[in-house]
Structures are given as C-alpha cells and as structure tokens.
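Treat the numbers as computed from the prediction; the structure is a model and nothing was measured. We number each residue from 1, following the sequence as shown.
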Amino acid sequence: MARLAQTAGLTDIQREILSTVRDFVDKEILPVATELEHRDEYPQQIVDGLKELGLFGLMIPEEYGGLGESLLTYALCVEEIARGWMSVSGIINTHFIVAYMLKQHGTQEQKDHFLPRMAAGDIRGAFSMSEPALGSDVSAITSKAVKDGDEYVLNGQKMWLTNGGTSSLVAVLVRSDEGHPEGTAPHKSMTTFLIEKEPGFGEVQPGLTIPGKIDKMGYKGVDTTELIMDGLRIPADRVLGGKTGRGFYQMMDGVEVGRVNVAARGCGVAQRAFELGVSYAQQRHTFGKPIAQHQAIQFKLAEMATKVEAAHAMMVNAARKKDSGERNDLEAGMAKYLASEYCKEVVEDAFRIHGGYGFSKEYEIERLYREAPMLLIGEGTAEIQKMIIGRRLLEEYRFQG
C-alpha cells in the first residue's frame, strides 16, 4: 500500500505530521472503529488524542496558537484519518471550516476571541446552511434574523449539522433583510452569525434547541442534528465580519475547503477498501489457489488502485490551488465529484471480493459499504458538482466566434 497515494514535494514537517497521524490511526482508531461505529458511540478518547496532537489547530495561524499549516497538509491528514474511520474526519472537518471562515472573514475581535480556543480544541466548531426543505438550493433559506437594537433575533430550523450536539460554536447562515431593499438577490441578503452555545441536546440556551441525534445508515459516532432557533438573541458583534449581506460568499468560501475535505475523505476510505480487498484476495482460496491469482480479481485490484491514485492526485491539486490563493471551485468540484464516485466504486469492488463475508458485520468492509454513500451527497451532490464544473468550463472556454 505504501506505493499508492504518495504526494510529491512535501516538506520534512509535513512528512513528520503525516507519519504521526498515520501511526495514531493505526494504533488508536482502526482497532476500535468498527466496534464504536456499531454502537453509534462518540469517539471521545480518539478526539482527546487528536486534541493532544494539536490537530484542532492544524490550519489556524501560529499567532493564535495553531500550527499554521496549509490546506494540503490538512487534506492529507484528513485522508489518513478517514482511512481509519470516516466519522472522525467529519468531527475535524466542520471545526476547520468554521476556523477557516473566521481566519478569512472574521473581525479582529472575533479572531482574537475564538481562534486561540479553537486551536486548543477547547471550542469545537460546526456550521449550518441546510434546512429541511431546501437541500442544495441555498438561495431558498427561510431562517431569518431581524435587527432589534444591538441584537438580532433569529428564528428558523436548520438541518444536517455535523457536531451539532458536541460543538460549542456554530456558524449559521440565515436571511437578513435589514439594509437590503426588497428585490435584492437572495444571495446578497444572507448573513453568517456566530452562535456560542453549551454542548449537549435539548434547549441548550434560551431560544436555541438541539434535538437528539439523527439516526443514520452510516457515518455513525459523530452527532448529526437539527438546530431550532425560536427567538434566539445574538449580539450584533457576532455577525461574521461585522457586516450583514456577506454570508453567502463567506459560506461558499468555506464550502470550497469542505469539498477538498470530502475529496480527501473519499480518498482515505477508498484506500482502506483497497487495503482490505487486496489483503483478503491473498488469503481466500478457491479452485485450489488464492483468488488474487484469478485474472478477474487482478483486474478488479488494478481498477481499484488506479482509481485511488487518480482521486488522490485530483484532491492534492485542488488543495494546492486553494493554498496558492487562486480560485479553486473548478478543481474542488472535480476532486469532490471524482473522489466520492470512485470511493463508492472501490468500496463496492472490495465488498465483491469479500463475497458473502462482506455482508457480515464481523468484517470491516461492511462498515465502509455503509459509509461511502454519505460522500455522494456531502458538501453538494454529484449533480451540483457537475453544474459548478460545467459553468466554470464555459467561463474558461467561452466561444469567441
């Protein structure tokens, strides 16, 4: 496996970080992941270990107590963690999207207040765009903020919050018509609010309720919840960046980081599926020899390894593009689309290699088979990625006739 998914041009520090994370995954995550997943148990001991490693501050600048590493370093760490258990990478992802949005768009007071504690892992982040009725149509958001003196009053229902219960800071996108006349384009009348709350479920503060965890097919362990705001009062200085109407652009910037993350998760899960498939194929015998010696299985392994390599290369390219300061929505969309689709295919091929045993909960591939579908819809479905890719291609290749 050491020959697959290698990344050229890494610094000594990056290689050291990745080696440390891989050792942690092998020793602390893989041995317990399937058992915890079957119990749908939050991996507190694993999260505490990541906190000790400093991974919650990986991309946060050193001036705020973080490691100041690049998106590429972060994505490669996520790839390693997802190889162990995808749910753990989800705990990290939403935290980093919020930290990234604060770093890029927050006021100085907001950065000083939140980033040091986020770097230490004392504050855990979550972000919220989706609502029960809108899916990928962010412009249809109905949750609303109304100005009332030095505060805003928020009302509405949000959906699909990763870390909804365990987080203590949620970046929430709502509609805010204050200062935006009637007829303003929907995406220009949205604002991101920074909501501090106590971890837990139920009414965690006046006007804010986090119902219990949503029961899911896979992606267990990590808490996925709704968020209900009913007269929730938020100080005006908790508008991200200090000005209303910028929320859509702030969230989309964060989602680009999130799409690189989902691509990295797809790469990690696909790598693990390949490891399981190639190992089992050399142990299982049929017709007098290991099934790995049958041409049909070798063809599957060849296709799986090629997909792992291709997805990894596209993910690395998208991360490096973002790190360079260039627009990367095309590359991030391509990487997320390809990695999630290839992940599904590699996992299914590994499942097929396992035969009937792949259907048994005793084998790890059963867990991966339920986890992979989440990547097909997380941070935008394949159809949304194709829309983004198609529009960007038409911008780049505009007909000049």
More than 12 foreign heavy atoms under 6.0 Å from CD of Gln104: is that the case here? yes
Tell me if the CD atom of Glu395 is crowded by more than 12 foreign heavy atoms within 6.0 Å. yes
Side chains of Leu53 and Ile17: closer than 4.5 Å at any heavy-atom pair? no
Donor-acceptor pair, Lys336 side chain versus Gly378 backbone, under 3.5 Å? yes
Hey, are the side chains of Leu368 and Phe351 touching, using non-hydrogen atoms and a 4.5 Å cut-off? no
Out of curiosity, Tyr100 OH to Glu256 CD, how far, rounded to the nearest 0.5 Å? 7.0 Å
I'd like to know if the side chain of Asn155 and the backbone of Gly231 have a donor-acceptor N/O pair within less than 3.5 Å. yes
Are Met86 and Met374 packed together at the side-chain level, in the sense that at least one heavy-atom pair is separated by less than 4.5 angstrom? yes
Taking atom CD of Gln45 as the centre, report whether more than 12 heavy atoms of other residues, nucleotides or ligands fall under 6.0 Å from it. no
Say whether Glu37 and Ser87, considering side chains only, have a donor N or O and an acceptor N or O under 3.5 Å apart. no
Would you call the rings of Tyr357 and Tyr363 parallel, tilted or perpendicular if under 30° counts as parallel and over 60° as perpendicular? tilted
Is a salt bridge present between Lys321 and Asp323, judged by a nitrogen-to-oxygen distance below 4.0 Å? no
Starting at CD of Glu79, measure out to CG of Asn261 and round the result to the nearest 0.5 Å. 11.0 Å
So, does Ser279 use its side chain to make a donor-acceptor pair with the main chain of Leu276 at under 3.5 Å? no
With a 4.5 Å heavy-atom cut-off, do Ile228 and Pro211 have their side chains touching? yes
Can you tell me if Asp223 uses its side chain to pair, donor with acceptor, with the backbone of Gly164 under 3.5 Å? yes
Arg124 and Ser168: side-chain donor and acceptor closer than 3.5 Å? no
Under 3.5 Å, is there a donor-acceptor pair between the Asn163 and His95 side chains? no
Looking at Asp215 and Lys220, is there a salt bridge between them, counting it only when a charged N and a carboxylate O are closer than 4.0 Å? yes
CA sep, side-chain torsions, deciding dist, call: Lys322, Asp253, salt bridge (Lys or Arg N to Asp or Glu O under 4.0 Å): CA-CA 10 Å; Lys322 188 76 170 177; Asp253 190 21; 2.6 Å; yes
Step through the shown structure and confirm whether more than 12 heavy atoms of other residues, nucleotides or ligands are within 6.0 Å of CG on Asp230. no
Given Leu30 and Glu364, is the side chain to side chain contact (heavy atoms under 4.5 Å, CB included) satisfied, shown in steps? CA-CA 10 Å; Leu30 278 172; Glu364 189 180 339; 3.7 Å; yes
Are any of the side-chain heavy atoms of Leu76 and Leu10 separated by less than 4.5 Å? yes
Donor-acceptor under 3.5 Å (Arg370 side chain, Met217 main chain): yes
Sidechain-backbone polar pair: Thr225 side chain, Lys213 backbone, donor-acceptor under 3.5 Å: no
Pair Lys158-Ser130, side-chain donor/acceptor within less than 3.5 Å: no
Just checking Ile13: does its CD1 atom have more than 12 heavy atoms from other residues, nucleotides or ligands closer to it than 6.0 angstrom? no
Report yes or no: does Gln385 contribute a side-chain atom to a donor-acceptor pair with the main-chain N or O of Met334 at less than 3.5 Å? no
Determine whether more than 12 heavy atoms belonging to other residues, nucleotides or ligands lie under 6.0 Å from atom NZ of Lys144. no
To the nearest 0.5 Å, how far apart are CD1 in Ile195 and CG in Leu154? 5.5 Å
Glu226 backbone acceptor or donor facing Gln157 side chain under 3.5 Å: no
Tyr219 vs Thr162, side chain to side chain contact (heavy atoms under 4.5 Å, CB included): CA-CA, chis, key distance, verdict: CA-CA 10 Å; Tyr219 199 41; Thr162 301; 3.7 Å; yes
From CG (Leu169) to NE2 (His113), nearest 0.5 Å: 8.5 Å
Does the distance from a Lys or Arg side-chain N to an Asp or Glu carboxylate O, for Glu109 and Arg238, drop under 4.0 Å? yes
Residue pair His312 / Thr7, side-chain donor-acceptor N/O under 3.5 Å: yes
Check this for me: does any side-chain nitrogen of one of Arg391 and Asp329 sit under 4.0 Å from a carboxylate oxygen of the other? no
Would you check if the side chain of Thr381 reaches a backbone N or O of Ile377 as a donor-acceptor pair within less than 3.5 Å? no
Is the count of non-hydrogen atoms from other residues, nucleotides or ligands lying under 6.0 Å from Lys243 atom NZ greater than 12? no
Could you check if a side-chain atom of Val32 sits within less than 4.5 angstrom of a side-chain atom of Trp85, using non-hydrogen atoms only? no
Heavy-atom donor-acceptor pair, Gln110 side chain to Thr107 backbone, under 3.5 Å: yes
Would Val88 and Val47 count as a side chain to side chain contact (heavy atoms under 4.5 Å, CB included) if you check the C-alpha gap in whole Å, the side-chain angles of each, and the deciding distance to 0.1 Å? CA-CA 8 Å; Val88 179; Val47 171; 5.6 Å; no
Can you tell me if CZ on Arg15 sees more than 12 non-hydrogen neighbours from other groups inside 6.0 Å? yes
Pair Gln14-Thr73, side-chain donor/acceptor within less than 3.5 Å: yes
What distance separates Tyr280 OH from Ile297 CD1, expressed to the nearest 0.5 Å? 10.0 Å
Going by atom types alone, do Glu362 and Ser360 pair a side-chain donor with an acceptor below 3.5 Å? no
salt_bridge(Glu348, Arg352) N-O dist < 4.0 Å: yes
Lys/Arg N to Asp/Glu carboxylate O, Arg272 vs Glu275, below 4.0 Å: yes
dist Leu4:CG -> Lys307:NZ (nearest 0.5 Å) comes out at 14.0 Å
Go through the steps for Thr209 and Met229 under the test side chain to side chain contact (heavy atoms under 4.5 Å, CB included), then give the verdict. CA-CA 7 Å; Thr209 299; Met229 300 171 290; over 6 Å; no
May I ask you to test the Val346-Gln271 pair for a side-chain heavy-atom distance under 4.5 Å? no
Basic-acidic side-chain contact under 4.0 Å: Arg22, Glu80: yes
Whether Lys51 engages the ring of Phe56 as a cation-pi pair (distance to the six-membered ring centre under 6.0 angstrom, angle to the ring normal within 45°) should be assessed. no
Is NZ or CZ of Arg233 both nearer than 6.0 Å to the six-membered ring centre of Tyr152 and within 45° of the ring axis? no
Closer than 4.0 angstrom, basic N to acidic O: yes or no for Asp26 and Arg83? yes
